[in-house]
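A short write-up of the structure that comes next.
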Amino acid sequence: MDSVLEDDTSIEEERIGALRAVGNDPIATDPSAPTVVRAGFIPLVDSAALVVAARKGFATAEGLAIELVQHTSWAALRDRLAVGHLDVAHMLAPQPIAASLGVGGFAVPMAVPMALGLGGNAITVSTDLWSELQAAGAVAGGGPAALGAALKAVVARRPRPLIFAMVHPFSSHNYELRYFLAAAGIHPDKDVRLTVVPPPYMVEAIESRQIDGFCVGEPWNSLAVESGAGVLLLAKAELWRSSPCKVLGLRTAFAERAPATVAALVRAVERSARWADDPANRAELAHLLAEPGLVGVDAPIVERALSGQLVRERGAAPLPQPDFLTFHGRAATFPWRSHALWFYSQMVRWGQIPPTPEAEAAAAATYRPDLYRAALAGTDAILPSASSKLEGALTAERSVGTSHGRLDLGPDPFFDGRVFDPEDIAGYVAGFSLRADPP
């Protein structure tokens with residue numbers, strides 16, 4: 001576990017929450033009463049869709065009252081969801097898959113009825129390491145290939161391994177960091193050290209020189225830059241554009257017991273994601289997230305992520321990063337099963353799980369486009385006709401088939417040009433020269 005429980009919820013409140021979570025569906029039994037949904041979240045900008053649903057009336061319109069419960073540790077949030085102290089949670093996209101597979105914590109079948117957006121992460125290095133990278137030829141904004149080559153040169157001549165932090169072993173952050181390192185010829189389990197640090201502690205860890213770099217969601221990269229302790233090396237969108245990061249996670253048992261509540265929640269969060277993606281609401285959203293008890297940092301820092309205008313070095317001018325964080329456009333809330341299977345492929349690649357047909361099927365089944373479509377049927381939401389797709393195949397925006405309206409997807413390339421085919425996971429994993437040693 002990353003850390004102990006960090007919020008101050010009393011034991012009695014936890015017990016009541018657990019009892020409520022195993023009851024009947026309140027919306028189905030008493031439509032006139034607002035249904036309380038206890039939702040865990042981590043203080044990150046990409047919690048916005050859930051926060052907006054709770055604070056801007058979208059949940060109320062669906063007969064819900066979302067009670068937001070802040071955590072600092074992804075492991076603590078996952079565990080409290082697993083045992084019923086939370087109804088739903090803002091989760092790392094691979095976490096529900098791992099829980100369903102019974103690895104890395106409680107073995108609890110979980111469901112993902114929707115995603116909470118695309119992008120939002122970055123890799124930041126200490127200013128000391130950045131100086132070494134510059135000496136090896138690195139240039140700010142130089143792109144993953146060139147920056148990776150400089151990092152490999154630094155790794156090769158250092159007397160001790162560099163230490164990089166990520167937020168959880170089952171996170172997009174872990175897999176993105178490993179993907180970048182391995183593409184540069186740096187084995188993430190042999191040539192460097194990877195460790196887990198909860199997001200709010202990343203800046204302190206790099207300031208105190210306990211780590212040399214990290215991969216985390218905003219605003220923690222920008223805060224490291226502002227403090228002068230870090231340089232934003234790469235945005236997630238530079239590694240895999242329009243890629244998944246956070247999802248709405250819940251126990252499968254809750255989805256089965258309270259289908260009307262889950263459907264109402266999906267509708268509320270889908271509408272709030274649409275509101276959050278509108279540039280006209282950006283300033284208001286930044287100030288909302290800046291409130292204590294939510295993300296809790298200055299609104300101008302939050303707005304960097306919302307606008308995609310990133311400051312990479314302290315004092316430098318902000319530079320645009322296309323598709324840095326998307327809440328609604330390009331089917332950003334749709335739970336693509338190909339996303340789930342890409343995460344499964346990385347679990348296999350790095351030896352977290354052995355590849356089996358049963359595990360592959362369970363991973364795919366954790367993402368629930370059926371729940372998403374059922375919740376939004378009859379609304380003005382534009383729903384993809386497919387539930388899976390090639391990942392990394394679109395180099396430009398493309399319109400795809402839907403039940404009604406027009407839906408544009410992509411671009412979504414990986415920086416190394418690879419394409420993930422969810423029908424050939426074994427071939428995809430075998431195509432990487434760097435991966436975990438066979439057992």
Side-chain angles (χ1 to χ4, degrees), residues 1-2 40-42 44 46-47 71 73-79 81-82 88-121 123 165-180 182 188 194 196-199 215-217 236 239-240 242-252 332-356 359-369 388 391-392 414 420 422 425 428-429 435-436:
M1 183 180 295
D2 300 351
F41 77 102
I42 300 287
L44 292 158
D46 58 27
S47 68
H71 292 70
S73 159
W74 287 111
L77 180 148
R78 173 207 60 201
D79 292 349
L81 178 66
V88 302
H90 161 239
M91 295 187 81
L92 298 161
Q95 267 190 313
I97 300 169
S100 294
L101 295 175
V103 293
F106 289 106
V108 178
M110 290 197 181
V112 173
M114 69 183 303
L116 295 177
L118 301 171
N121 291 351
I123 297 173
M166 41 74 182
V167 301
H168 192 269
F170 296 99
S171 65
S172 61
H173 314 65
N174 183 29
Y175 304 132
E176 290 155 12
L177 186 55
R178 286 172 174 272
Y179 198 102
F180 166 61
L194 299 185
V196 171
V197 176
C215 183
V216 74
K236 173 184 175 76
L239 299 172
W240 179 14
S242 299
S243 59
C245 187
K246 305 301 190 311
V247 296
L248 185 70
L250 45 88
R251 298 178 310 284
T252 301
T333 60
F334 189 75
W336 293 101
R337 284 191 161 151
S338 46
H339 286 170
L341 289 171
W342 186 84
F343 290 125
Y344 167 79
S345 79
Q346 299 308 293
M347 294 177 189
V348 171
R349 179 184 180 186
W350 299 114
Q352 291 177 317
I353 54 172
T356 67
E360 181 178 329
T366 302
Y367 278 39
R368 299 289 301 274
S388 191
E391 299 295 341
F414 291 89
F420 173 67
I425 294 174
Y428 179 75
V429 173
R435 51 187 186 271

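- At least one test fails for Arg349 against the ring of Tyr175: distance under 6.0 Å to the centre or angle within 45° of the axis.
- Closest of all the heavy-atom pairs between Tyr344 and Pro355 is OH-CA, 3.4 Å.
- In this structure, Gln352 contributes its side chain and Val103 its backbone to no donor-acceptor pair below 3.5 Å.
- At least one side-chain heavy atom of Asn121 sits less than 4.5 Å from a side-chain heavy atom of Lys246.
- Ring geometry for Tyr179 versus Phe414: interplanar angle under 30°, hence parallel rather than tilted (30 to 60°).
- Side-chain contact between Met91 and Leu81: present, with at least one pair of heavy atoms (C-beta onward) separated by less than 4.5 Å.
- A 4.5 Å side-chain heavy-atom check between Pro96 and Tyr367 finds every atom pair outside the cut-off.
- Rounded to the nearest 0.5 angstrom, Ser388 OG and Leu341 CG are separated by 6.0 Å.
- Between Leu118 atom CG and Phe334 atom CZ the span is 12.5 Å, to the nearest 0.5 Å.
- Atom OG of Ser171 is separated from atom CG of Leu177 by 9.0 Å, given to the nearest 0.5 angstrom.
- Annotation: side chain of Arg368 is not in contact with side chain of Met114 (no heavy-atom distance under 4.5 Å).
- The backbone N or O of Pro109 sits less than 3.5 Å from a side-chain atom of Thr252, completing a donor-acceptor pair.
- A donor-acceptor contact shorter than 3.5 Å links the side chain of His168 to the backbone of Phe170.
- In this structure, the separation between CD1 on Ile353 and CD on Glu360 is 9.5 Å, given to the nearest 0.5 Å.
- The two residues Leu77 and Ala89 come nearest to each other via the heavy atoms CD2-CB, 3.4 Å.
- Across all non-hydrogen atoms, the minimal contact from Ala364 to Ala340 is CA-CB, 4.5 Å.
- Among all heavy-atom pairs drawn from Val167 and Cys215, the shortest one is CG1-O, 3.9 Å.
- Using a 4.5 Å heavy-atom threshold, the side chains of Ile42 and Ser47 count as separate.
- Interatomic distance, Ile97 CD1 to Met110 CE, rounded to the nearest 0.5 Å: 12.0 Å.
- The aromatic rings of Tyr428 and Phe420 sit perpendicular, their planes meeting at an angle over 60°, well past the 30° parallel limit.
- At least one side-chain heavy atom of Leu248 sits under 4.5 Å from a side-chain heavy atom of Pro113.
- No donor-acceptor distance shorter than 3.5 angstrom exists from the side chain of Lys236 to the backbone of Val216, with no hydrogens or angles considered.
- In this structure, Ala82 and Val108 approach most closely via the heavy-atom pair CB-CG2, 3.8 Å.
- Between Arg337 and Pro369 there is a side-chain heavy-atom pair separated by less than 4.5 Å.
- The closest side-chain heavy-atom distance from His173 to Cys245 is below 4.5 Å.
- The distance from atom CG of Asn174 to atom CG of Leu92, rounded to the nearest 0.5 Å, is 10.0 Å.
- Nearest approach of Trp240 to Gly392, heavy atoms of both residues: NE1-N, 4.4 Å.
- A donor-acceptor contact shorter than 3.5 Å is absent between the side chain of Gln346 and the backbone of Arg178.
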